Amino acid sequence: MERRFFDATWKRTVYCGEVGSRHEGTEVCLNGWLRRRRDLGGIIFIELWDHTGIVQIVFNPEEQEAIHDLAGELRNEYVLAVRGVVRARPAGTENPSIGTGFHEVAVSDFLLLSPSRALPFDMNDVDKVDENLRLRYRYLDLRRPRLQHNLRVRHRIALFTRNFLSREGFLEVETPMLTKSTPEGARDYLVPSRVNPGMFYALPQSPQIFKQILMVGGCDRYYQIVKCFRDEDLRADRQPEFTQIDIEMSFITEEDIQSLMEQFMQGLFRDILGEELPLPFPRMTWREAMESYGSDKPDLRVSAKLVDLHDVFADSGMEAFRTLLTEKGSVRGLSFAGGAALSRKEFAELEARAKALGAAGLAVFQVKEGTLKGPLVKFLDEEAQKRLRATAQIGEGDALLVVADKDWRKACGILGTLRLELARERNLVEEGWRFLWVTEFPLLERDEEENRWVAVHHPFTSPNMEDLGLLESDPGNVRSRAYDMVLNGNEVGGGSIRIHDPEVQQKLFGALAFTPQDAEERFGFLLDALRSGTPPHGGIAFGLDRLAMLLCGGRSIRDVMAFPKTQKAQCLMSGAPGLVEDRQLAELHVTRALPSKE
RNA sequence: GGGGUUGUAGCUCAGUACGGUUAGAGCGCCGGCCUGUCACGUCGGAGGUCGCGAGUUCAAGUCUCGUCAGCCCCGCCA
């Protein structure tokens, strides 16, 4: 037979998953992958797949003998163009478990477009396959309905974002990928400059400074869906390159951006999931989040809260706690409904976990048969016991876990971790989408290694103007104008009102222990810009990958990225990163200095 | 940098607590039979450096040490 090629006559007239009653009796052309074949000796069925679904094709030797004979050679994942007439399946042979299951295509002719080798894993059973292999053969993994769905959801998120922000007057502006390294923050990915020997670009950790300068440049409202790069260790929700929805606005305060971003989320969830989010989202200060939930990104689906046991133990007979409290230490509790049933062994296991998190110990109170039990009860008089039960709101059958530490953040953090672990183990995480804003983060925190103050958010975040006076006297207690959007215990976005006053900016660089020359050298262009007529401005950035992950119900952002990297930041498909030739390095004025193997 | 976990046929796994014939199963692959299946059925066949390297032992998939890789977590991620 003459060799035939794919041409206009073989282009599909309908997607596989869309074959239905309206095509009955008409000839259609389908393009897709052979997902499964059932050769009954005479009649042959194949399932043809594309991203819309699956349809059954019938090769009947009585109807098309020559075509049927050729079909015997077909194998899984061959790419075919198939022509045939759509008809209702004979009564009793319908398959309601697939969308097209009441119809089939009686093939009249087909063209093999591309055969496939025997594949390294079974396409029909790919959910269980080792991620190693899935990443190496990502093009096969991508043919799974799950990943197809995720990529399409991700596209719809990006599309909704562009439509929403464009409608609200935002301008999408591209900022450079080859930019300048700044020493603050995450480790940079560096790119050597061939024409500037010894000099390096950095890939952006975020377009932060550029978007602020766009505000100085009169752009008023900017956004960008943009790749960002951070050379830090990976996690299920962290990749070295990831995508931000980056947003900045002029002449606004916190309330403006927060309420607009709530509307954005409301629209997005309506569009993607058909969910109606109630507005406004609750606001919570960072301090309250830490004290009540032991986290700066509280998961409100878990109802348990932490309590401050200062008043219970301040005058108690418990010497160690009393001393701790007089020295500004902290005793915190986590009420644990049903915890009275906890066995000695289970508690020991809990205590071990608390210690692994850095706790000196873990104490427990249990309410059994109306009385408070536990090793510390003997230190508490009747009054203090009453206060404990009232403060912690524990009743019959409940328990209270107690951690003491000289640092309240540590005590709360440990209980916050236990709170989540216990809730997950005991299925106490409620369904739903629980958003909130966390506000008033501290501006600065102490870096003990470098022995200096560093920015919690970034060095362009505006301090709360009321706290400006504390910048030199008590830097740790300066509140910032930063805010995070938190969803179900995930930080999905974070931003701030920026510093638009060059003097405040310089003051902050001072607090971060930059010399004036340092500041000028590194950020002089920003300071110059700020001195050139700068509107008050602020913004936010959302992690597109994390949002997509949550909206797809996934556990890892790898499942919403087409080509993710492994925990060692490698691409198993392409083999990146790889070695380069000496000639390339020489051009870039770079030499290798490999670590010696001990 | 640290802790945990996994690694046996192309894929998913069993076998390892207590070392002992020729390392098994299902799926996939190859071949035969089979005309309404849909995880088609059925008969047969090929397919193994038990991640890699040392060590203990008469004997190692199994025990010891090291190492590599995937995943989860801590540190880190303004």
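As the structure is a prediction and not an experimental result, all values here were calculated from the model. By convention in this document, chain letters (A, B, ...) are assigned in the order of the sequence lines, proteins followed by strands, and residues within each chain are numbered from 1.
Judged by distance alone, with hydrogens and angles left aside, the side-chain atoms of A:E351 form a donor-acceptor pair with the main-chain N or O of A:L362 at under 3.5 Å. A donor-acceptor contact shorter than 3.5 Å is absent between the side chain of A:K211 and the backbone of A:Y223. No donor-acceptor pair closer than 3.5 Å links the side chain of A:Q56 to the backbone N or O of A:G101. Using a distance-only test at 3.5 Å, with no hydrogens or angles considered, no donor-acceptor pair links the side chain of A:D69 to the main chain of A:A66. With hydrogens and angles disregarded, a donor-acceptor distance shorter than 3.5 Å links the side chain of A:Q205 to the backbone of A:A186.
Note on A:E184 versus A:R522: no salt bridge recorded, every NZ/NE/NH1/NH2 to OD/OE distance being 4.0 Å or above. A salt bridge does not link A:R136 to A:D130: none of the charged side-chain nitrogens sits closer than 4.0 Å to a carboxylate oxygen. For A:R353 and A:E421, the salt-bridge test passes: some basic side-chain N is under 4.0 Å from an acidic carboxylate O. Residues A:E131 and A:R555 are not paired through a salt bridge, judged by the lack of any N-O separation under 4.0 Å between the basic side chain and the carboxylate.
A gap of 41 Å separates the P atoms of B:A17 and B:C76, to the nearest Å. For the C1' atoms, the distance linking B:U62 with B:G19 amounts to 6 Å, nearest Å. With P as the reference atom, B:A54 and B:A60 are 13 Å apart, rounded to whole Å. When the P atom is compared between B:G15 and B:C38, the two are found 32 Å apart, to the nearest whole Å. When the C1' atom is compared between B:U12 and B:G31, the two are found 25 Å apart, to the nearest whole Å. B:A59 and B:U22 have their C1' atoms separated by 16 Å, with the value rounded to a whole Å. Between B:A23 and B:C50, the two P atoms lie 11 Å apart (nearest whole Å). Taking atom P in both B:U6 and B:A46, the straight-line distance is 34 Å, to the nearest Å.
Here A:S206 lies in heavy-atom contact (under 4.0 Å) with a base. At the heavy-atom level, A:L133 lies under 4.0 Å from the strands shown only through sugar-phosphate atoms. Within 4.0 Å (heavy atoms only), A:E94 reaches at least one base atom of the nucleic acid. A:R555 comes within 4.0 angstrom of nothing in the nucleic acid, heavy atoms only. A:D231 comes within 4.0 angstrom of no nucleic acid atom, judged by non-hydrogen atoms across all strands. Backbone-only engagement by A:R75 is indicated by non-hydrogen atom pairs under 4.0 Å involving sugar-phosphate atoms exclusively. Using a 4.0 Å heavy-atom cutoff across all strands shown, A:E131 reaches sugar-phosphate atoms only and no base atom. Within 4.0 Å (heavy atoms only), A:D130 reaches sugar-phosphate atoms of the nucleic acid but no base atom. Using a 4.0 Å heavy-atom cutoff across all strands shown, A:D122 reaches sugar-phosphate atoms only and no base atom. At a threshold of 4.0 angstrom between heavy atoms, the contacts of A:Q205 with the nucleic acid are absent. Residue A:P90 is classed as a base contact, given a heavy-atom separation below 4.0 Å to a base. Nucleic acid contact class of A:V454 (heavy atoms, under 4.0 Å, all strands): none.
For the pair A:I44 CD1 and B:G41 P, the interatomic distance rounds to 16 Å; values are reported in whole Å. Atom-to-atom, CD of A:Q239 to P of B:G70 comes out at 12 Å; the value is rounded to the nearest Å. Spacing between atom CZ of A:F229 and atom C1' of B:C76 amounts to 20 Å, rounded to whole angstrom units. Remark: C1' of B:C11 and CZ of A:R134 are 13 Å apart, rounded to the nearest angstrom. With rounding to whole Å, A:K128 atom NZ is found 15 Å from B:G26 atom P. Across the protein-nucleic acid pair, A:M123 atom CE and B:U12 atom C1' stand 15 Å apart, rounded to whole Å.
Shown here, B:G45 forms a base pair with B:C29; the pair counts as Watson-Crick or G-U wobble because both key distances fall under 3.5 Å. Remark: B:U56 base-pairs with no nucleotide in the shown strands. Criterion, Watson-Crick or G-U wobble with two distances under 3.5 Å. Using N1 to N3 plus N6-O4 or O6-N4 for Watson-Crick, or N1-O2 and O6-N3 for G-U wobble, each under 3.5 Å, B:G36 pairs with nothing. Across all strands shown, B:U16 has no partner, as no Watson-Crick or G-U wobble contact with both distances under 3.5 Å is found. Partner assigned to B:A69 is B:U6, using Watson-Crick or G-U wobble distances below 3.5 angstrom. The partner of B:A23, taking Watson-Crick or G-U wobble pairs whose two distances both stay under 3.5 Å, does not exist in any strand shown.
Evaluation of atom-type donor-acceptor distances gives a pair under 3.5 Å for the side chain of A:R87 against the base of B:G36. Between the side chain of A:R238 and the base of B:C76, a donor-acceptor pair under 3.5 Å is found. Within 3.5 Å, a donor on the side chain of A:R89 pairs with an acceptor on the base of B:C38, or the reverse. Judged by atom type and distance alone, A:D233 reaches the base of B:G75 through a side-chain donor-acceptor pair under 3.5 Å. The base of B:U37 lies outside donor-acceptor range of the side chain of A:R36, with no N or O pair under 3.5 Å. Counting atom types as modelled, A:R117 pairs no side-chain N or O with a base atom of B:G10 as donor and acceptor under 3.5 Å.
Base orientation of B:A17: syn, the glycosidic angle falling within 90° of 0.
Checking B:C76, B:C72, B:U35 against the side-chain heavy atoms of A:A236 singles out B:C72 as nearest. Here B:C11 is the nucleotide among B:C40, B:C11, B:C71 with the atom lying nearest to any side-chain atom of A:F121. The side chain of A:T566 has B:G70 as its nearest neighbour among B:G70, B:C34, B:G36. Checking B:C71, B:C38, B:C76 against every side-chain atom of A:E47, the shortest atom distance belongs to B:C38. The A:Q56 side chain lies nearest to B:C38 when the options are B:U35, B:C38, B:C76. Checking B:C77, B:G75, B:G10 against every side-chain atom of A:R235, the shortest atom distance belongs to B:G75. Set against B:C77, B:C11, B:G36, the side chain of A:T93 has B:G36 as its closest nucleotide. Checked against B:G36, B:C71, B:C34, the side chain of A:D39 finds its nearest nucleotide in B:C34.
The phosphate of B:A69 has neither OP1 nor OP2 within less than 4.0 Å of any side-chain N or O from A:R136. In this structure, A:K568 reaches the B:A69 phosphate: one of its side-chain N or O atoms is under 4.0 Å from OP1 or OP2. Taking side-chain N and O atoms only, A:R35 has no distance below 4.0 Å to OP1 or OP2 of B:A39. When the side-chain nitrogen and oxygen atoms of A:R38 are compared with OP1 and OP2 of B:U37, none of them lie within a distance under 4.0 Å.
A donor-acceptor contact closer than 3.5 angstrom is absent between the side chains of A:E254 and A:T439.
Mapping A:G185 and A:Q570 onto RNA chain B by nearest heavy atom places A:Q570 at the nucleotide closer to the 5' end. Both A:E63 and A:R37 lie near RNA chain B, and the one whose nearest nucleotide falls closer to the 5' end is A:E63.
Stacking between A:F45 and B:U37 is shown: the ring centroid lies under 5.5 Å from the centre of the six-membered base ring, and the planes differ by under 30°.
Seen from the ring of A:W286, A:R479 does not count as a face-on cation partner, given the 6.0 Å and 45° thresholds.
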